[in-house]
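Okay, structure first, notes after.
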Amino acid sequence: MRKRVTLYALLAILILAVTLTGCKSTGDEFALVSSDLTDYNLNSVDYTLGEFKLEFNEKVAEAKVSLVQGDSKSKIEANVEGNVVTLTGLKLKAKTNYQLVTNIKSSTGNELSTKTDFTTSRSYPEIKDPNETLMQTFYWEMNKGKYKEKYPKESNLWKLLSERSDDLAKIGITSVWVPPANKAHEQQDEGYGTYDLWDLGEFNQVNTVRTKYGTKEELEQTIADLHQEGIKVYYDAVLNHRLGAGYENIGDSILASGQKAETYTKFYPLKGRQKYYSKADEWKWDWKAFDGVDYAANLGNIAPQNFKGKTWDDTFEKDYLLGADVDYQNENVKDELKEWGSWIINDIGFDGFRLDAVKHVDSKFIDEWISSIQENTAKDVFFVGEAWVENTMGLSFYMYDVNNPNLHVFDFPLRKTFETLRNGNLNMSTLSKAGMVNKRKFADKTVTFIDNHDTGRDIVEYKAPINIRKYQAYTYILMREDGLPMVYWKDYYQDGKKVGLDKLLKARRYFAYGPGREVKTNDVNTYSYVREGLSDVPGTGLVMMISQGTSGDLTTKRIDSGKSNTEFYDITSNVKGTVKTDADGYGDFKVKNSIDEGWSVWVPAN
């Protein structure tokens, strides 16, 4: 796959540096399209970037670009396609001064000429085994409303992920969580309205072949492309319920009360299931495969009620959530879901699962299901459950309830702490004990996150987004020793946080190594944390500081960095200058008391 790295920093620089010549007599301006980058640093352009794109408001007829370094001048290949110019073949060196010279002519006769001076960033340590970082690659509003118009490529997520696979790898993403890839009850459903788990966009069911995200063939190509870049792919498994697509799914059933009901529980024949499940002809998904419902066509809405002879499963919280609730006391159901899970890993090529609404699924079955899949594959499969419990004691009890060593959980208690941080009411020193990630028994079983497709919605349905001091929260999860941190697609691509997140991801990729250590001088408004670095990789390690303050001044803390006589700089650029530690490793590190810039990551300069 051709490497494509968008150098948005230079794009932003060029926007500011551009001068207009040869305008049309009407006064219309030929200009670069604004980038989503709101910050840049002329003194620290990433030297590893070898290609970037320039997008203009008119069709481009000709582009001439050269790179000047000292007395040397080299021509840069400029590929023109419509109003986009792609510059390739950049071979930048670290800590070097350059001048980029461009002359762009539009098809209407306008011309842009620029001369832009910039300096490349410092070199980075050579890391053989980089930190793991997860990205959730979708959001609730994807391909809807204004997002559909503004981000048309998201109408086929599988193809877009293939296109971005190399970019994701370059910023340090090692695994991605993709949405439910199975056929849902309608084509534009996000995938949580499960219809046929075996149909990944292959069969004409519910009036569509593809799912919201694409076809099975495209999905399999995406997995291959991501694997080529060293990125693992996790499937979002919806095991709690099924949703019927229409009247063809109505079947006669008997409620626990003895009343006859017309319920949406007739899931047969299912084309995907018939092709792939070895026992598809031995039984069918009718009301006997479910525990109960809360709606019937002939009765309307009812309180969640069991079917005759059924009881709710042994779940951590109430069994019933929505739709037709799957019965995990049914041996046929259990057998099929185990075979399906192994098929997803061994045949389709996924590397793990995110388990939706897992506290509403029978806990004993979750244990059996995880063990069954792990025993039937050569892969070390990853499992993380969405057990939405916001206190560490309750979430610990859930982990004990399932009692499977391969299960991880999302750190909802830590996110609850970030809500207090968002509101400016957190005692920052308590971050040393916040969340499951700081519980010794579960520190390596947590996925830390800020927002996801439920909490990060435009319209609040569950929890309000962490829309204030989000960088402080990301700095915390990305720099710490424990937990698998997750970056949210919408934060990165839609909400203007790509610039800052790229800086934090770079710090994680190259510097966030070695034992983590709390700083003794943490207080109500400032939290600091040290990574001591790898003894066999010079230049690793960091001092992280985040502030809840709003005064705009700097807070200085004398911190033991663990590195004597070492110069540090803030890779975020929020605090300028450098810090030099003494013979004992102590230095006066700073962070700005600011909502927008109150996060600094100090890394070794050499």
Side-chain angles (χ1 to χ4, degrees), residues 129 132-137 158 161-162 165 169 173-183 191 194 196-202 216-240 270 272-280 282 326 328 331-356 358 361-387 399 402-410 444-447 484 486:
D129 188 18
E132 294 187 358
T133 306
L134 171 68
M135 177 178 276
Q136 180 184 3
T137 62
W158 303 149
L161 281 175
S162 284
S165 59
I173 300 301
T174 59
S175 58
V176 293
W177 156 25
V178 301
N182 51 267
K183 189 64 59 68
T194 307
D196 184 352
L197 284 176
W198 299 88
D199 182 358
L200 304 180
E202 183 180 6
K216 180 191 176 192
E217 182 180 6
E218 292 165 344
L219 171 63
E220 291 179 316
Q221 183 60 54
T222 296
I223 294 171
D225 291 338
L226 289 164
H227 283 171
Q228 183 178 347
E229 299 295 339
I231 298 174
K232 295 179 180 179
V233 190
Y234 302 149
Y235 190 103
D236 197 332
V238 183
L239 307 179
N240 178 76
L270 294 173
R273 179 180 187 265
Q274 291 298 120
K275 180 176 180 179
Y276 293 115
Y277 179 42
S278 65
K279 300 178 182 178
E282 297 182 17
V326 177
Y328 286 105
E331 293 299 322
N332 288 327
V333 169
K334 291 162 61 175
D335 178 82
E336 178 173 338
L337 268 296
K338 290 176 182 177
E339 185 173 325
W340 173 82
S342 295
W343 174 74
I344 286 291
I345 299 297
N346 295 327
D347 291 61
I348 306 304
F350 280 89
D351 306 288
F353 295 92
R354 179 261 184 186
L355 306 179
D356 180 63
V358 71
V361 181
D362 189 277
S363 295
K364 183 179 179 181
F365 172 74
I366 291 296
D367 176 37
E368 291 179 9
W369 186 75
I370 291 174
S371 297
S372 174
I373 294 170
Q374 196 63 76
E375 290 166 4
N376 285 284
T377 182
K379 291 184 179 181
D380 183 13
V381 183
F382 180 80
F383 302 87
V384 58
E386 182 215 18
M399 293 291 279
V402 176
N403 195 29
N404 190 293
N406 291 308
L407 179 63
H408 298 69
V409 287
F410 286 99
D444 63 344
K445 300 297 181 184
T446 60
V447 174
L484 171 62
M486 186 192 86

Quiz item: Can you name the closest pair of heavy atoms from Phe353 and Gly341 and give their distance?
Solution: CZ-O, 3.5 Å
Self-check item: Note, Asp362 side chain near Trp369 side chain (heavy atom, < 4.5 Å)
Solution: no
Quiz item: Within a strict 4.5 Å, meaning less than it, do heavy atoms of the Phe365 and Leu337 side chains meet?
Solution: yes
Quiz item: Excluding sequence neighbours, so at least two apart, what forms salt bridge (charged side-chain N to carboxylate O under 4.0 Å, His left out) with Lys364?
Solution: none
Practice problem: Report the distance from atom CH2 of Trp343 to atom CG of Asn376, rounding to the nearest 0.5 Å. | Solution: 16.0 Å
Quiz item: Given side chains that start at C-beta, do those of Leu270 and Tyr277 come closer than 4.5 Å, heavy atoms only?
Solution: no
Quiz item: Can a donor-acceptor pair be found between the side chains of Asn332 and Glu336 at a distance below 3.5 Å?
Solution: no
Quiz item: Between Tyr234 and Phe382, what is the ring plane arrangement, given parallel below 30°, perpendicular above 60°, and tilted in between?
Solution: parallel
Practice problem: Search all heavy atoms of Leu197 against all heavy atoms of Tyr235 and return the closest pair with its distance. | Solution: O-OH, 4.4 Å
Self-check item: Non-hydrogen side-chain atoms of Glu331 and Lys334 separated by less than 4.5 Å
Solution: yes
Self-check item: Student check: side-chain heavy atoms of Leu200 and Glu220 closer than 4.5 Å
Solution: no
Quiz item: With no hydrogens and no angle check, is any side-chain donor or acceptor of His408 less than 3.5 Å from a backbone partner on Thr446?
Solution: no
Quiz prompt | Over all atoms of both residues, closest heavy-atom pair of Val238 and Pro180 | solution = CG2-CG, 3.9 Å
Exercise. May I ask you to decide if His227's main-chain N or O and Asp351's side chain share a donor-acceptor pair within less than 3.5 Å?
Key: no
Quiz item: To the nearest 0.5 Å, what is the distance between NZ (Lys338) and CD1 (Ile370)?
Solution: 12.0 Å
Quiz prompt | Asp129 atom CG, neighbour heavy-atom count above 12 within 6.0 Å | solution = no
Practice problem: Dump the intermediate steps for side-chain contact (heavy atoms from CB on, under 4.5 Å) on Leu161 and Asp225, then the final yes or no. | Solution: CA-CA 8 Å; Leu161 281 175; Asp225 291 338; over 6 Å; no
Exercise. Quick one: closest heavy-atom pair of Gly272 and Asp196, and the distance?
Key: N-OD2, 3.0 Å
Practice problem: Taking atom NZ of Lys216 as the centre, report whether more than 12 heavy atoms of other residues, nucleotides or ligands fall under 6.0 Å from it. | Solution: yes
Quiz item: Which is it for Arg354 and Gln136 under the side-chain contact (heavy atoms from CB on, under 4.5 Å) test, yes or no, and what are the steps along the way?
Solution: CA-CA 10 Å; Arg354 179 261 184 186; Gln136 180 184 3; over 6 Å; no
Practice problem: State the CG-CD1 distance between Asn182 and Ile344, to the nearest 0.5 angstrom. | Solution: 8.0 Å
Quiz prompt | Rounded distance (nearest 0.5 Å) linking atom CG of Asp367 with atom CG of Leu407 | solution = 9.0 Å
Practice problem: Please name the pair of heavy atoms, one in Ser371 and one in Asn404, separated by the smallest distance, quoted to 0.1 Å. | Solution: OG-ND2, 3.1 Å
Quiz prompt | Short side-chain donor-acceptor distance under 3.5 Å, Thr174 and Thr133 | solution = no
Practice problem: Kindly say whether Phe410 contributes a backbone atom to a donor-acceptor pair with the side chain of Glu386 at under 3.5 angstrom? | Solution: no
Exercise. Begin with the C-alpha distance, continue with both residues' side-chain angles, and end with the deciding distance and a verdict on side-chain contact (heavy atoms from CB on, under 4.5 Å) for Ile348 and Ile223.
Key: CA-CA 8 Å; Ile348 306 304; Ile223 294 171; 3.9 Å; yes
Quiz item: Is the shortest heavy-atom distance from the side chain of Ile345 to the side chain of Lys379 under 4.5 Å?
Solution: yes
Quiz item: Can you find a heavy atom in the side chain of Val361 that is under 4.5 Å from one in the side chain of Val326?
Solution: no
Self-check item: side chain to side chain donor-acceptor pair (under 3.5 Å) involving Ser363 - partner list, sequence neighbours excluded
Solution: Asp401
Practice problem: Compare every heavy atom of Trp198 with every heavy atom of Glu339, then report the nearest pair and how far apart it is. | Solution: C-CH2, 4.0 Å
Quiz item: When you check the gap from the basic side-chain N to the acidic O, do Lys183 and Asp199 get nearer than 4.0 Å?
Solution: yes
Quiz item: Got a second to check how far Asn403's CG is from Ile366's CD1, nearest 0.5 Å?
Solution: 13.5 Å
Practice problem: List for me each residue that meets salt bridge (charged side-chain N to carboxylate O under 4.0 Å, His left out) alongside Asp335, sequence neighbours excluded, and say none if there are none. | Solution: Lys279
Quiz item: Is there a side-chain contact between Ser175 and Leu134, using heavy atoms and a 4.5 Å cut-off?
Solution: yes
Quiz item: Going by atom types alone, do Glu368 and Tyr328 pair a side-chain donor with an acceptor below 3.5 Å?
Solution: no
